[in-house]
Amino acid sequence: MAKVLGLGGVSFTSPEPQRLRAWYARWLGLYAEGPGVEFHPDTMPEGGCAVLSVLSDDTRYLEPSTRGFMVRLVVDDLEAMLGRARAGGAQVMAETIDDEYGRCGWFVDPDGNKVELWQPDAA
């Protein structure tokens with residue numbers, strides 16, 4: 001029987017895709033020759049995984065973005081990556097959380113897309 005093996009990625013629109021890709025390359029180190037960035041399993045830290053979250057229409061979790069999605073990126077140093085996003089002009093959310101899954105923080109990119117940064121807890 002056919003089955004889903006993992007999350008293949010997230011796509012979203014931008015009025016200036018090349019500019020936004022360049023922002024992600026410069027400030028978060030996500031380089032792509034084409035329209036997307038590829039992640040390979042050997043780059044995922046222990047305890048990391050891809051998660052597809054289906055949220056209720058009335059969720060406030062995506063705020064302050066007005067878009068109906070959020071990108072989640074796995075990182076190895078949450079504070080450093082939030083600092084890089086801030087240096088690039090992103091609106092960094094003040095709150096971060098620490099729980100049994102690791103640490104999370106958020107920012108809104110120059111196009112208004114909310115992005116979650118997740119540093120998994122290897123334990």
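The first residue in the sequence is number 1, and the count goes up from there. What you see below is based on every heavy atom in this structure, not just the backbone, and it leaves out hydrogens, waters and symmetry mates.
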Nearest heavy-atom pair of Leu62 and Met70: which atoms, and what distance? CD2-CB, 3.5 Å
Determine the minimum heavy-atom distance between Trp118 and Tyr101, stating which atoms define it. NE1-O, 3.1 Å
Main-chain N/O of Asn113 paired to Ser65 side chain as donor or acceptor, under 3.5 Å: no
Could you give the distance from CH2 (Trp106) to CD (Gln91), rounded to the nearest 0.5 Å? 13.5 Å
Got a second to check how far Asp76's CG is from Gln119's CD, nearest 0.5 Å? 7.0 Å
Write down the atom of Arg67, the atom of Asp111, and the distance for their closest heavy-atom approach. NH2-O, 3.0 Å
Which residue, Ile97, Leu78, Asp99, forms the side-chain contact (heavy atoms from CB on, under 4.5 Å) with Cys104? Ile97
Side-chain heavy-atom pair Met93, Val108 within 4.5 angstrom cut-off: yes
Are any of the side-chain heavy atoms of Arg103 and Glu79 separated by less than 4.5 Å? yes
Closest heavy-atom pair, Val92 versus Leu82, reported as atoms and distance to 0.1 Å, is CG2-O, 3.6 Å
Val115 and Tyr24, any side-chain heavy atoms less than 4.5 Å apart: yes
If every non-hydrogen atom of Arg84 is compared with every non-hydrogen atom of Gly29, which pair is closest and at what distance? NH2-N, 3.3 Å
Which pair of non-hydrogen atoms, one from Leu28 and one from Phe107, has the smallest distance, and what is that distance? CD1-CZ, 3.6 Å
Got Trp23 and Glu16 here, is their nearest side-chain heavy-atom distance under 4.5 Å? no
